[in-house]
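All values below come from the heavy atoms of this structure, side chains included, with hydrogens, waters and symmetry mates left out.
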Amino acid sequence: MIELGVNIDHVATLRQARRTWEPDPVWAAVEAHLGGADGITIHLREDRRHIGDEDVRRLKELTQVKLNLEMAATDEMVGIACRTRPQMAMLVPEGRHEVTTEGGLDVAGQESRLKEVVARLSDAGIVTSVFIDAELPQVEAAARIGARVCELHTGPYAHAFHTQGRDADADAVLAEVDKLCRAGEAILQRGMRFNAGHALNYYNVGRIAALPGVRELHIGHAIISRALFIGLRQAVREMKALMERAAA
């Protein structure tokens, strides 16, 4: 059955706008869980622009579903992950000036370094995922470094879907779906778990949830945006229903 990991970074973004204590990301995690989320995703950035170290600690202690920690492959972040021990750590590229993660991690270009990072995380009992573009060389490199999960970057698909007037059958959209499908097949053939995420919303999620073998989708901005009007629990419930319908 397909699973939904809800990214709650933007709850912390709202809190940081006033440098106060609310809204509390832990409350958001509970509401997402009650809405049917299978996991909670957070990104501890090097500049701590939203999620902070104390959030990571409290969420690991209090969250009743699995916690996925997105992080750069730095010594500082690996140390935090090994101390906190989330159920999964996802290695992502990180730029201080980006609004959100842009593009997949170049695993093929830094195999030696990333292999060491994956080994340290694995020794701490953490499942390691890598966020990559839908390219065969990156999938092959992910397998070589020992990653157990590959999350395919769905940003190009989402961009094509939007620019083509939300036409799911447009050639540009279908081309991106085909790339994701082929990369997903390669991931599964190499014994890794196939996840996907980035820029997915209530309109474009169907094609991705229907990809053969996809295990889990990570979605944040669209769900938190909808939650402003209908509440987080209901926003998660609606997204999960769309995913399950498409996957079936």
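Between the side chain of Asn204 and the backbone N or O of Ala199 there is at least one donor-acceptor pair closer than 3.5 Å. Side-chain atoms of Thr84 do not come within 3.5 Å of backbone N or O of Ala81 as any donor-acceptor pair. Judged by distance alone, with hydrogens and angles left aside, the side-chain atoms of Glu151 form no donor-acceptor pair with the main-chain N or O of Asn195 at under 3.5 Å. Between the side chain of Thr74 and the backbone N or O of Met77 there is at least one donor-acceptor pair closer than 3.5 Å. A donor-acceptor pair is defined here as one N or O able to donate and one able to accept, closer than 3.5 Å; no such pair exists between the side chain of Thr128 and the backbone of Ala89. Side-chain atoms of Arg85 never come within 3.5 Å of backbone atoms of Gly125 as a donor-acceptor pair (strictly under, hydrogens ignored). Within the 3.5 Å criterion, the main-chain N or O of Leu62 finds a donor-acceptor partner in the side chain of Gln64. At distances below 3.5 Å, not a single donor-acceptor pair connects side-chain atoms of Tyr203 with backbone N or O atoms of His162. When atom types are taken as modelled, the side chain of Arg15 and the backbone of His50 share a donor-acceptor pair closer than 3.5 angstrom.
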| request: Give the intermediate values and the outcome of ring-ring contact (aromatic ring centres under 6.0 Å, His included) for residues His10 and His221. | output: CA-CA 7 Å; His10 289 302; His221 186 265; 5.1 Å; yes
| task | May I have the step-by-step check of side chain to side chain contact (heavy atoms under 4.5 Å, CB included) for Ile145 and Val130, ending in yes or no? | result | CA-CA 10 Å; Ile145 67 170; Val130 289; 4.2 Å; yes
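Checking His43 against Glu94 by side-chain atom types alone, a donor-acceptor pair falls below 3.5 Å. Side chains of Gln87 and Asn68: no donor on one and acceptor on the other come within 3.5 Å.
The environment of CZ in Arg193 is crowded: more than 12 heavy-atom neighbours from other residues, nucleotides or ligands sit within 6.0 Å.
Using a cutoff of 4.0 Å between basic side-chain nitrogens and carboxylate oxygens, Arg113 and Asp75 are scored as salt-bridged. Salt bridge annotation for Arg57-Glu54: present, with a cationic side-chain nitrogen under 4.0 angstrom from a carboxylate oxygen. Taking the charged nitrogens against the carboxylate oxygens, Asp47 and Arg49 do have a contact shorter than 4.0 Å, which makes a salt bridge. Salt-bridge formation is detected for the pair Asp24/Arg58: a Lys NZ or Arg NE/NH1/NH2 atom is positioned less than 4.0 Å from an Asp or Glu carboxylate oxygen.
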Acceptor/donor pairs from residues 241-248 side chains to any protein atom, 3.5 angstrom cut, sequence neighbours excluded:
none

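Leu44 and Arg48 get closest at one heavy-atom pair: CD1-CD, 3.5 Å.
Remark: Leu180 CG to Ile208 CD1 distance equals 5.0 Å, nearest 0.5 Å. Glu140 CD to Glu135 CD: the interatomic distance, rounded to the nearest 0.5 Å, is 11.5 Å.
The one candidate from Leu200, Val205, Val6 that meets the side-chain contact (heavy atoms from CB on, under 4.5 Å) condition with Met239 is Val205. The side chain to side chain donor-acceptor pair (under 3.5 Å) with Asp38 is formed by just one residue from the set Lys66, Lys240, Arg215; it is Lys240.
Aromatic ring pairs are classed by plane angle as parallel below 30°, tilted from 30° to 60° and perpendicular above 60°; the pair His198 and Phe131 is tilted.
Put simply, the side chain of Glu70 reaches to within 4.5 Å of the side chain of Thr41, judged on heavy atoms.
Sorted by first then second residue, the ring pair (Phe, Tyr, Trp, His ring centres under 6.0 Å) pairs that include residues 51-81, not counting sequence neighbours, number zero.
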